[in-house]
Structure formats: structure tokens, C-alpha cells
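Remarks on the structure that follows.
Chain identifiers are assigned alphabetically (A, B, ...) following the order of the sequence lines, protein sequences preceding nucleic acid strands; residue numbering begins at 1 within each chain.
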Amino acid sequence: MRMSRLFSQTLREAPSEAEIPSHQLLLRAGFIRQMAAGIFSYLPLAKRSLTKIENIMRQEMNAIGGQEMSMPVVQPADIWKETKRWYQIDAEMGRFKDRNGRDMALAMTHEEAVGDLVRREIRSYRQLPALIYHLQTKFRDDPRPRAGLIRVREFTMKDSYSLDADWEGLDKQYRAHFQAYFNIFNRCGLPAIAVKSDVGMMGGKLAHEYMYLTPYGEDTLLLCDACGYSANRQIAHIRKPVPVPAAALPVEKVSTPNCKTIAEVAGFLGVPTSQTAKAVFMIATLPEGEKTIQRFVFAVIRGDMEVNETKLSNAVKAKELRPATEEEIRAIGAEPGYASPVGLKDALVVVDDLIPQSPNMVAGANEAGYHLKNVNYGRDYSAQIVTDIAAAQEGDACPQCGSPLRTVRGVEVGNIFKLGTRYSDAMGCTFLDKDGQIKPVIMGSYGIGSGRLLACIAEEHHDDNGLIWPVSVAPFAVHLVVLPGKGEGETVTVEADQLYADLQAAGIEVLYDDRPESPGVKFMDADLLGMPIRLTVSERAHKAGGVEFRRRDQSEKRIIPQAEVLATVQAEIAALQTALDATLVEATFEGE
RNA sequence: CGGGGCGUAGCGCAGUCCGGUAGCGCACCGCGUUUGGGACGCGGGGGUCGGCGGUUCGAGUCCGCCCGCCCCGACCA
């Protein structure tokens, strides 16, 4: 490609809306342009990289038996109503009516499409197992797109769906994906780790997220350096401290003027915050048939811990969970700042599983200015649900080995879900098994967003001057710069044109900077765009005996004799690829 | 949806407080010089100042409403 014809331009300064490096560099280098919040155009340079990324995905999917296909983006609402997600998902789903007034949905993911297809196509166990996948546009009307391509509303995802006759089959396909995903990330030059995750709107049994660790990430992970435990904060467990047992003392009402926070109460009464019970009030929207109801949720946790809203939400099976207002809190008979689970009416009480073992806690009295001492679970109050709702924090004990956990930020670049029969049951995806029984198809779903992956690669591989693409996903392998100079200009240009033709003839992808720009501009742009190899044809290089060679990831330059350029470039590309391949390893599977 | 910030040429910004008819750098076009790390000179093109309404003799500037984008939070595969 001649750069003078390339449909994009570099920018010296990044548009002010870009804050993180990958976003700034992809804009400056002319890879992407934004059309609306979270909606982007991918210019030729980006498209070339995306195609390479997607081809790597195709290879890895095909290698585990995947068959590529394509399913619609625009879908009838009916199939989403069948699985109830039409009702469960709120404004995040793109909806419209067609000209005949029928409800339509924009695909956020494709389980329903797969379900519809499977129930039509799959009749016999002989057709299973199967693995289908496609690369297709998704639309999710995210409340807050951010960080360039990291979090967008419209994106392309490689999503695959495994179909099995039994659970062993699902295990097998799940594990195959577990490894294939590491292969994909490694081949793209992106270091990623797998952590156990919440199943979220997908439903299902077991899920892993693949995380690229970066401070710009929006998820918080807890890692154990001692035993390797890793989990998303949303579901991370901790080994909780063991409370000192004690005989239950009589409840005592004490005056605690102006003590609205746990710290104030504990300080005023001279007890550790771990001796207090904190109340958190939420309003949950719960699905009930095709409708929803609102329920007041009163969560109780030890004063030195925080409630994990994802765990709480899962515990009450909420569609939505939001903090309650003061009026709502008073309406159920509690007093904000002095709230107590003792003597509540009409609230769904959820208690962290550490509370029942903790004797003689300080809790509110549901009366301004007063708390209760020596409150004991079971004797003084009870809960509808007792489970783990504690948020894991930096320094908490690892649930497996007890060592302190560490928190890091990460971006989710892929996920795999064991769906089980959630969609098959809802949509009637059944088959006739060997034993003559009708059984539901067992499904798994597996996704990687290609644009987000591109952004993470850019985030991982850049320096102050620009991008540094891994050879496997670089738009072009070689950036050829010609500096015609003045005297021998024509000779130099002829030499460069010839080299451009020779490289192309050898099947090497070349971006040829033939623009009439000054040397400084050309070198700066070459660094910005970040192709792995730069070749410079100039009078100076010619006099030194050939063509200047430089790798983007190294600072040394060297002169290569004319006759050896092709072989050198091929060898260097091979060396870069070999280094990438060396990162491929067998991953240890962390199951249930 | 709550809090904050910003919308002036393709990009980065000044001008807005204090109203007087729009400017700087880069980019772009032409000519010439220059040619190994973001060159220089001369000449040029490009703006409904986010939109609508109001105040005023006069609005980029003041007032009201709306829209858009970014950041934090809520949310999220």
C-alpha cells in the first residue's frame, strides 16, 4: 500500500476526548474514528489488524472443531421473550418496531438465535456434539461507553456455542475453549489470565473471564500470589476471620447521640468495628412471571466489611438492585443511621454468613440516637437468607490458602460460560438420545470482542513514540520509507519502487511511504503507526551499501546489502513470529 | 440516572468574567527553497462560534431551554 493513497491521516495531537494511550494512539495513527459515544469506524489500518486477529480466532476455533456461520443482528423479539431476557434486560437492549409494529431486538449476544436454530436442526444425539461460531456485530446500549475501544456500544464479537448430549461433552468443549482462548491471546501478543467470574445476564453454571491486567481496566480482580487463586471481585470469596465464641448477653439499649457511621458508633462505645453489625438498604427489582416487583432488601454485614452488591443481587435473584432512599427506609420501620434488623416489617433480610457466628454485636435500635448492644442472630432476629455477601478487599485472606489477597485492575477480553440447559429448556432445544429419551441440548457459550482485543494489544504494545504491533496482528509487516533527497532523488526513488515491488512479489505486506514529506515526518509517522520492521531507502543508505533496517521494538539500525534485503526481512518476520509462538503454553484448568 | 467538565476551522487551543461583528499553532492548497528524526519563505482556502429561543442598536460573549462529547459514580459480557 502506498501511503500517499492510504485512506487515513495521522494527527500530531490527539483529540481531547481520548485519555488512555490506546485510544490516543489509535486515533493519532489513523486507525479509528468515532461517530458517536461508543460507536466507531475502523479505517483500513485497523481493519487489516482486525482481520488478522479474527483469522487467528477462526484458526483456533476450527482447530477445536468449530464451524463458522453467521446469524442475524436484527432479530424478532419473540425469541427473547421465550428466554425471558426481553423482560430481564433493561435499557441495555436495542429495541424497535418494524413497519408492521412487531417488536424487534438488536442482538446483544446470540444464545436465542442459536436456540432457535438448534431446535429446528438438532433431532438426534447423532448430530452431537457440535460447535458453531460466528463473528458478528453486537449492540449493547451501555450506560457509559468509555476508554476508546475498551468499552463500546457496537462491537464485533467472535462468539461460539457448544452443543452437547451430556455434561461430560460440555466439560470437554469448555476445556477446549479454555485452552484455545489462551492460544488466541498469546498469538495476538496479549498476556491474559483466566479468573472465575459471575455468570451475569447469561445465567448458567460456571464461567471464566480472561483478563488483560492494566490500570485502565474497569474490573477489579483478587489474586493470591501464594496459591494462584484468582477471581473477579464480583464473586471473589475470602476466608473470613473466626469470631471468638461467647455466651449471649442480654440486649441493652444505649444512647449514641450523633453516631451515624459505624466508625462513630464503634468509637463512641469503645468497641472494634468488627463487633458491630452494619445495615445496608437496597431496593431490588425481582422478576415475577413476565412482570417485576420491587422488594426492600435489608442486608446485614459486620461493620468492618463491605457488602458486595453482585453477591447480594445474586442472593436475592434480583434483576436490578439500587440503594434505598431515606423515605423508603423509614417506611419499613428502620431509622437511617440507627437501623437494625431487630423489629423490622416487610423486608427481605439477608445476613452475611459471618454474622450468625458473631455474638453480642452492636446494632441500631431503629430509633434516632440509640443503638442496641449484645444483639445475637437467632435470638433477637432472623433472616430469610444467610449467605456470603462480603466484598473481598486487598489484604483479605485467600479462600484456598489463607495468604493475603492482592487486587489488580483488568479488562475482560474474553469469557466462557457453561450455560447448561437454561436456553434449551426455555426454547425447547431437545434431541432424542441413544436410550430413546428426549433430552435438552447442553450448551456453552464463549466470546471474544475483536475491537477490545485490538485496543488491549495497543495498550500493551506501545512506547512514547507510538504503537509497536506484534507481527501477527500488524496491519503491514514492513514500513518502507523512501527519502529521495535532491541530487540522486530519481535513482533513490527507482530503487525504493523496485524494493516495494520485490517485497510484495515475495508475499510480504508493505506500507510504502512515498509521500513528499520531510524525513522527520516520515520517521515520526513510521514510529507512530508501529509496523514491526522499517526499511529506509535513501542516498545515505545507498552510499553505505544498501538499505537501512530497523525493528520497531529495537533502537539499533543497520545497513543491509541490496541483495540480502528480502532474505533478511523474511528471516526477521520469522524470528518475530517464533518469539510469539514461544509464549504458547498449556494452561492449567481451574475448574469448579 | 446522580456529580463534574467541555462544545469556537480537520486537530490542539485563545477570545466569554467586562457585548462592538473571530484569532493563534499545526494540518490543507499554490509557488520557490530545503531533504536522515515533526524544515523555511511568500501567497491562499476554510468558521450558521453545538442548536433553538430571548435580552440588546448590536450576542462567540448575557439569560432560558435543548442536544452532543468526556471524566467520576451507579451499571455492565
Would you say A/L454 and A/S450 make side-chain contact, with heavy atoms under 4.5 Å?
no
Side chains of A/I533 and A/F549: closer than 4.5 Å at any heavy-atom pair?
yes
For A/R12, give me all partners under side-chain contact (heavy atoms from CB on, under 4.5 Å), at least two apart in sequence or on another chain.
A/V521
Round to a whole Å and report the spacing from [atom1] of [X] to [atom2] of [N].
X: A/E517; N: B/C26; atom1: CD; atom2: C1'; value: 12 Å
X: A/R534; N: B/G36; atom1: CZ; atom2: P; value: 13 Å
X: A/M108; N: B/C75; atom1: CE; atom2: P; value: 16 Å
X: A/D90; N: B/A77; atom1: CG; atom2: P; value: 13 Å
X: A/R515; N: B/C28; atom1: CZ; atom2: P; value: 9 Å
X: A/E548; N: B/U35; atom1: CD; atom2: C1'; value: 15 Å
X: A/K522; N: B/G37; atom1: NZ; atom2: P; value: 14 Å
X: A/R28; N: B/C26; atom1: CZ; atom2: C1'; value: 12 Å

Nearest nucleotide by nearest heavy atom, which residue falls closer to the 5' end of RNA chain B, A/R146 or A/A36?
A/A36
5′-ward residue of the pair A/S538/A/E218 relative to RNA chain B:
A/S538
Could you give the distance separating [M] and [N] at their [atom1] atoms, to the nearest angstrom?
N: B/A14; M: B/C6; atom1: C1'; result: 15 Å
N: B/G46; M: B/C24; atom1: P; result: 15 Å
N: B/C13; M: B/G20; atom1: P; result: 24 Å
N: B/G36; M: B/C31; atom1: P; result: 23 Å
N: B/U56; M: B/C40; atom1: C1'; result: 48 Å
N: B/C49; M: B/U16; atom1: C1'; result: 11 Å
N: B/A22; M: B/A59; atom1: P; result: 13 Å
N: B/G44; M: B/A27; atom1: C1'; result: 15 Å

Using Watson-Crick or G-U wobble geometry with both distances under 3.5 Å, which nucleotide pairs with [N]?
N: B/G53; answer: B/C63
N: B/G68; answer: B/C6
N: B/A27; answer: none
N: B/A14; answer: none
N: B/G36; answer: none
N: B/G46; answer: none

A/F178 and A/Y174: aromatic ring centres closer than 6.0 Å?
no
I'd like to know whether the aromatic ring centres of A/F417 and A/H208 sit less than 6.0 Å apart in this structure.
no
When we call it a touch if two heavy atoms are under 4.0 Å apart, what does [X] touch: a base, just sugar-phosphate, or nothing?
X: A/R550; value: base
X: A/R33; value: nothing
X: A/D525; value: base
X: A/P145; value: sugar-phosphate
X: A/A544; value: nothing
X: A/Y210; value: nothing

Please list, chain by chain and in numerical order, all residues satisfying ring-ring contact (aromatic ring centres under 6.0 Å, His included) with [X], sequence neighbours excluded.
X: A/H461; result: none
X: A/Y133; result: none
X: A/Y500; result: A/Y512
X: A/W469; result: A/F31

Taking only residues two or more places apart in sequence or in another chain, which ones pass side chain to side chain donor-acceptor pair (under 3.5 Å) with A/S41?
none
By side chain to side chain donor-acceptor pair (under 3.5 Å), which residues pair with A/T568, not counting sequence neighbours?
none
For B/A74 and A/R144 - does any side-chain N or O of the residue sit under 4.0 Å from the phosphate oxygens OP1/OP2?
no
For nucleotides 7-11 of chain B, list the nitrogen or oxygen atoms of the protein found under 3.5 Å from its nitrogen or oxygen atoms, one pair per line.
residue: B/C11; atom: O2'; partner: A/E13; partner atom: O; Å: 3.0

Can you pull out every side-chain hydrogen bond (donor to acceptor under 3.5 Å, both in side chains) where at least one residue sits in residues 407-416 of chain A? Sequence neighbours excluded, please.
A/T220-A/R409, A/E394-A/T407, A/E412-A/N415
Find out whether the Lys NZ or Arg CZ of A/K47 is both under 6.0 angstrom from the six-membered ring centre of A/Y42 and within 45° of the ring's axis.
no
May I have the list of side-chain donor-acceptor pairs in residues 153-163 of chain A shorter than 3.5 Å, sequence neighbours left out?
residue: A/R153; atom: NE; partner: A/A37; partner atom: O; Å: 2.8
residue: A/R153; atom: NH1; partner: A/D141; partner atom: OD1; Å: 2.9
residue: A/R153; atom: NH2; partner: A/A37; partner atom: O; Å: 3.1
residue: A/K158; atom: NZ; partner: A/S160; partner atom: OG; Å: 2.8
residue: A/K158; atom: NZ; partner: A/Y181; partner atom: OH; Å: 2.7
residue: A/K158; atom: NZ; partner: A/Y446; partner atom: O; Å: 3.3
residue: A/D159; atom: OD1; partner: A/H134; partner atom: ND1; Å: 3.0
residue: A/D159; atom: OD1; partner: A/K138; partner atom: NZ; Å: 3.0
residue: A/D159; atom: OD2; partner: A/K138; partner atom: NZ; Å: 3.1
residue: A/D159; atom: OD2; partner: A/Y161; partner atom: OH; Å: 2.5
residue: A/S160; atom: OG; partner: A/H177; partner atom: NE2; Å: 2.9
residue: A/Y161; atom: OH; partner: A/H110; partner atom: N; Å: 3.0
residue: A/S162; atom: OG; partner: A/G444; partner atom: N; Å: 3.2
residue: A/S162; atom: OG; partner: A/Y446; partner atom: OH; Å: 2.7

What about A/R140, does its side chain sit under 3.5 Å from the base of B/C76 through a donor-acceptor pair?
no
Is A/D553 salt-bridged to A/R551, going by a charged N under 4.0 Å from an acidic O?
yes
Side chain of A/F417 only, please: which of B/C28, B/C70, B/A77 is the nearest?
B/A77
Close N or O pairs between protein and nucleotides 29-31 of chain B (under 3.5 Å):
none

Can you give me the N/O atom pairs linking the protein to nucleotides 41-46 of chain B at distances under 3.5 Å, or say none if there are none?
none

